Amino acid sequence: MMVATINEGKQDFKMVGYLASRDDLIITAKGSLLARLYPSTDWPESIDITNIPHQMSMIINNNYHIGFTDDESSSDPEQRKDIAFDYLKNKWFVTTPSFNYSDAGDRLFLNAFDVEVLPQNPGTEPSQVWFTRIPQFSVVDEYNRPNNQYEFEDALLKGKVLGDVVPWPADASEAPRSVIWKNSDVEMSFYVGIEKQEKTTRGFAYFPKNGEKIRRVGITVGDTDWLSNLLTLRGEDVMYVPQDIVQRYEKRASEFHPQRVTNTETNITDKQSENITISEDNVEEAKIGKQVTKLDDTIIKSTVKADLNNSKQSRFIQRFIQQTDRMGLHYNVKDLINFHTAMESNGLVILSGLSGTGKSKLVSAYAIALGIADQKTLSARLCFVPVRPFWADDSDLLGYADTVNSVYRPGDSRLVETLLAADKDPNNLYIVVFDEMNLARVEHYFSQFLSVLELSSDSRYVQLYNPQLSNRLYNQETYPSRIKVGRNVLFVGTVNTDESTFQFSDKVLDRSNVISLHIVPFNQNFKNAPASENEDSMDTMKMSAEDYFNLVDKNNAKPLTSEEKSLLWDIHSALNSKDRNLGIGWRIVQQIESFLISLPDIENGVSRGEAFDLQLVQRVLTKVRGSGELLRDLIGIENGDDGILVKIFDNNKTISKFTESRQIVQQKARELKLYGFTM
């Protein structure tokens with residue numbers, strides 16, 4: 001008999017689960033590999049758990065975000081299970097549960113969808129860990145939303161709407177016991193004592209128990225028990241923290257009053273300034289532009305750290321510009337900032353342009369500015385991979401297992417050696433450059449990397465060969481069956497656009513920032529920057545991976561606004577109405593936001609509007625290609641009526657002038673007129 005309180009289909013909450021043993025892997029009647037996961041979170045109060053199965057069923061190949069693909073063509077089912085278990089063990093699975101009933105309505109099935117994988121800490125016994133869901137809030141540049149901690153705390157204590165939480169059930173009985181305000185990944189505040197929630201069209205409001213007050217406890221970089229055990233997914237508003245740790249911090253919480261940070265005409269007093277200590281990069285003084293009332297150490301240090309990060313970002317970009325000058329490379333400064341920002345936002349960056357414009361040398365200049373390489377010697381941390389036209393799959397790039405001679409034979413590109421070195425040296429940056437990347441089909445030889453680049457850094461592995469062959473290979477200790485691709489490895493491709501190359505598929509474009517470099521006029525006077533006697537030595541120029549990613553000022557991060565999201569939706573709707581295969585997916589939205597958050601705040605640099613314009617060109621308009629019959633309404637007619645895209649730009653002039661996007665649309669309109677299609 002059906003249970004009325006359980007609605008069929010995907011739910012509006014997520015569960016954390018784990019794979020207990022190899023025995024929980026089975027081959028279905030249709031030949032699919034299925035994993036049965038044990039839940040590690042409580043079911044919501046509104047769910048009647050009487051008839052819920054004890055495990056969630058996850059079809060491996062229906063969940064590509066887990067970073068593993070089962071070989072369904074294999075004739076050895078036990079080997080398939082061994083390979084899958086080796087990858088899936090010691091992982092947490094964050095999944096959207098889905099309920100379905102049998103045709104007779106007498107049996108309930110529980111399936112796992114949209115599964116994301118996060119690593120377990122070494123030595124974890126998953127059956128002993130139980131997670132609590134906690135909504136998390138942070139700065140959002142939207143109307144009528146708290147955009148700093150003071151506004152958030154004031155709204156929380158007054159029972160005002162704080163904003164939406166995705167995913168979270170709207171039922172009044174599903175109020176969380178606590179919420180989080182997140183300033184950064186290592187600085188947040190934990191608020192406890194919540195009993196009720198109210199859902200409106202603008203989001204959630206929370207209320208304490210009658211006669212009690214909401215309490216707060218701060219969490220900083222020293223709270224390793226909290227920070228090292230929490231689970232969180234990018235782009236979602238829910239944090240998962242072990243229940244015992246939550247209970248421990250609940251006991252530490254105390255009543256509080258919101259503290260406002262404002263701009264005033266009064267400088268920080270000398271006594272307050274004495275509490276500020278800066279020892280980074282030999283900075284002796286810090287000039288703080290923002291003035292603060294009711295200051296405490298946390299607010300002061302946060303302000304100084306933000307200014308210091310901006311200074312480091314500016315100094316690095318200036319060093320990068322000077323290095324390109326020294327090497328005789330002539331680029332638009334905005335192109336250099338665009339390239340640096342794309343590299344920081346993590347993913348694949350593709351430099352496109354005419355042959356001979358110095359695309360490969362630009363990457364070398366970037367590596368020298370980072371201290372990865374210098375102009376006089378080769379560096380093992382900068383790997384150039386010349387792409388061969390005959391490459392058909394990843395074995396041409398990575399190598400293969402020679403079972404006849406019982407050895408693994410790596411590819412001659414030295415990519416495998418570079419990845420192995422980077423795995424053993426996580427504190428340093430490595431850059432891999434695929435030179436003339438589109439001489440072969442990228443989605444063929446680069447297929448594994450396209451899958452792993454969208455995963456979290458702890459889940460990124462490329463497979464060299466079947467792990468079952470390990471004991472048969474003499475050099476398996478040198479070349480293990482799989483290699484971790486850490487966050488410290490940056491990928492760049494250079495491409496030429498001529499008849500000898502292949503076009504990129506949407507699978508490649510979805511994961512890439514494709515940057516077309518502008519050519520500086522030839523008649524411009526150039527003067528290479530001279531080497532200075534006081535110039536930084538190579539030792540002081542070296543930058544660790546942590547330093548590199550800390551160049552981004554996370555305290556002043558500005559995610560996509562509601563207006564920017566609405567514009568992206570309008571463009572998606574326009575594209576999708578013409579071709580169901582055209583549009584803007586969530587991955588692209590998240591990567592555009594990552595780019596905007598990473599954008600350096602530099603005088604005379606790239607403005608927010610210019611950056612948004614560049615992202616439309618690099619992430620969206622690259623996919624607009626096809627026949628005139630399909631695209632004419634979108635693109636318009638050269639020297640004639642504007643298309644839908646230009647009209648969307650005109651209606652959103654407060655966001656950007658869309659200079660680059662308009663030029664691309666005009667170029668595509670010209671191609672339609674000349675050839676009847678656009679590429």
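In this text, all values refer to a predicted model and were calculated from it rather than measured experimentally. If you read the sequence from its start, that first residue is 1, and numbering goes on from there.
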Stepwise side chain to side chain contact (heavy atoms under 4.5 Å, CB included) test for Asp114 and His65: CA-CA 7 Å; Asp114 307 324; His65 279 300; over 6 Å; no
Test Tyr18 against Thr124 for side chain to side chain contact (heavy atoms under 4.5 Å, CB included), laying out the working first. CA-CA 11 Å; Tyr18 66 95; Thr124 297; over 6 Å; no
Does the side chain to side chain contact (heavy atoms under 4.5 Å, CB included) test come out yes or no for Ile431 and Val433, once each step is laid out? CA-CA 6 Å; Ile431 296 180; Val433 188; 3.9 Å; yes
Criterion side-chain hydrogen bond (donor to acceptor under 3.5 Å, both in side chains) on Ser74 and Asp76, from CA distance to verdict: CA-CA 6 Å; Ser74 171; Asp76 188 342; 5.9 Å; no
Candidate pair Asp547 and Ser544, rule side-chain hydrogen bond (donor to acceptor under 3.5 Å, both in side chains), full reasoning: CA-CA 5 Å; Asp547 291 338; Ser544 70; 3.1 Å; yes
Run the side-chain hydrogen bond (donor to acceptor under 3.5 Å, both in side chains) check on Glu116 and Asn63 step by step: do they pass? CA-CA 8 Å; Glu116 302 266 4; Asn63 291 278; over 6 Å; no
Under the criterion side chain to side chain contact (heavy atoms under 4.5 Å, CB included), I'd like the reasoning laid out for Ile350 against Val508: C-alpha separation, chi angles, the key distance, then a yes or no. CA-CA 10 Å; Ile350 298 176; Val508 177; 4.3 Å; yes
List the steps, then state whether side-chain hydrogen bond (donor to acceptor under 3.5 Å, both in side chains) holds for Arg315 with Gln318. CA-CA 5 Å; Arg315 290 201 301 274; Gln318 186 61 35; over 6 Å; no
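No side-chain heavy atom of Trp391 sits less than 4.5 Å from a side-chain heavy atom of Arg441. In this structure, the side chains of Phe434 and Val442 stay at 4.5 Å or more apart for every pair of heavy atoms. Looking only at side-chain heavy atoms (C-beta outward), Val16 and Phe93 stay at 4.5 Å or farther from each other. Within the 4.5 Å cutoff, the side chain of Leu25 has no heavy atoms near those of the Leu34 side chain. Counting heavy atoms from C-beta outward, Glu236 and Lys14 have side chains that approach closer than 4.5 Å. Val129 has its side chain within reach of Pro242: a pair of non-hydrogen atoms, C-beta onward, lies under 4.5 Å apart. The closest side-chain heavy-atom distance from Leu551 to Met543 is below 4.5 Å. Two residues are said to be in side-chain contact when any heavy atoms from C-beta on lie closer than 4.5 Å; Asp435 and Val385 fail this criterion.
Glu125 CD: more than 12 foreign heavy atoms inside a 6.0 Å radius. Glu78 CD: more than 12 foreign heavy atoms inside a 6.0 Å radius. Within a 6.0 Å sphere centred on CG of Asp412, other residues, nucleotides and ligands contribute 12 heavy atoms or fewer. Arg472 CZ: 12 or fewer foreign heavy atoms inside a 6.0 Å radius. In the displayed structure, Asn471 atom CG is contacted under 6.0 Å by at most 12 heavy atoms of other residues, nucleotides or ligands.
A donor-acceptor contact shorter than 3.5 Å links the side chain of Ser413 to the backbone of Leu415. Remark: side-chain polar atoms of Thr95 are paired, donor with acceptor, to backbone N or O of Phe113 under 3.5 angstrom. A donor-acceptor contact shorter than 3.5 Å links the side chain of Asn61 to the backbone of Asp70. Judged purely by atom type and a 3.5 angstrom limit, Lys91 uses its side chain to pair as donor or acceptor with the backbone of Tyr87. Listed for the Ser395 side chain is no donor-acceptor partner under 3.5 Å among the backbone atoms of Gly399. Side-chain N or O atoms of Asn229 include one that pairs as donor or acceptor with a backbone N or O of Asp225 at under 3.5 Å. The main-chain N or O of Ile337 is found under 3.5 Å from a side-chain atom of Thr341 such that the two form a donor-acceptor pair. With hydrogens and angles disregarded, a donor-acceptor distance shorter than 3.5 Å links the side chain of Arg619 to the backbone of Ser512. In terms of modelled atom types and a separation under 3.5 Å, the side chain of Lys81 and the main chain of Ile26 share no donor-acceptor contact.
Ion pair Arg80/Glu72 not flagged as a salt bridge, since none of the NZ, NE, NH1 or NH2 atoms sits closer than 4.0 Å to an Asp/Glu carboxylate oxygen. With salt bridges taken as basic N to acidic carboxylate O contacts below 4.0 Å, one links Arg22 and Asp82. Ionic pairing of Lys623 and Asp510 is present here: one or more N-O contacts between side-chain nitrogen and carboxylate oxygen are shorter than 4.0 angstrom. Classification of Lys359 and Glu436 as a salt-bridged pair fails, no side-chain N sitting under 4.0 Å from a carboxylate O.
Note that CD of Glu593 and CG of Leu560 are 4.5 Å apart. Values are rounded to the nearest 0.5 Å. We find the CD1-CZ distance between Ile588 and Arg511 to be 9.5 Å, quoted to the nearest 0.5 Å. Put simply, CD1 on Ile592 and CG on Leu616 are 6.0 Å apart, with the number rounded to the nearest 0.5 Å.
With ring centers used as reference points, Phe131 lies under 6.0 Å from Trp92. Ring-centre distance between Tyr331 and His518: not below the 6.0 Å cut-off. The aromatic ring centres of Tyr366 and Phe320 sit less than 6.0 Å apart.
The minimum heavy-atom distance between Phe595 and Ala342, with the atom names listed, is CE1-N, 3.6 Å. Contact detail for Gln120 and Pro126: the closest heavy-atom pair is NE2-CB, 3.9 Å. The two residues Asn121 and Ser228 come nearest to each other via the heavy atoms ND2-O, 2.9 Å. When every heavy atom of Ser598 is checked against every heavy atom of Gln313, the shortest pair comes out as O-NE2, 4.0 Å. Listed here is the closest heavy atom pair of Pro39 and Met15: CB-CE, 3.9 Å. Scanning both residues, Leu118 and Leu231, for their nearest heavy atoms gives CD1-CB, 3.8 Å.
In terms of the ring pair (Phe, Tyr, Trp, His ring centres under 6.0 Å) criterion, residue partners of Tyr408 (sequence neighbours excluded) are, by chain and number, Tyr465, Tyr479.
Checked by atom type, the side-chain pair Gln618/Asn338 shows a donor-acceptor distance below 3.5 Å. Between the side chains of Asn405 and Asp402, at least one donor-acceptor pair of N or O atoms lies under 3.5 Å. Residues Ser57 and Arg36 bring a donor and an acceptor atom of their side chains to less than 3.5 Å of each other. Between the side chains of Asn427 and Glu546, no donor-acceptor pair of N or O atoms lies under 3.5 Å.
Ring pair Phe316/His340 is tilted by interplanar angle, where 30° to 60° counts as tilted.
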Below 3.5 Å, can you tabulate the donor-acceptor pairs from side chains in residues 482-493 to any protein atom, sequence neighbours excluded?
| from | atom 1 | to | atom 2 | distance (Å) |
| --- | --- | --- | --- | --- |
| Asn488 | ND2 | Ala422 | O | 3.2 |
| Asn488 | ND2 | Asp425 | O | 3.3 |
| Asn488 | ND2 | Asn428 | O | 2.9 |

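In this structure, Arg381 satisfies the cation-pi test against Tyr430, with its NZ or CZ atom closer than 6.0 Å to the six-membered ring centre and inside 45 degrees of the ring normal.
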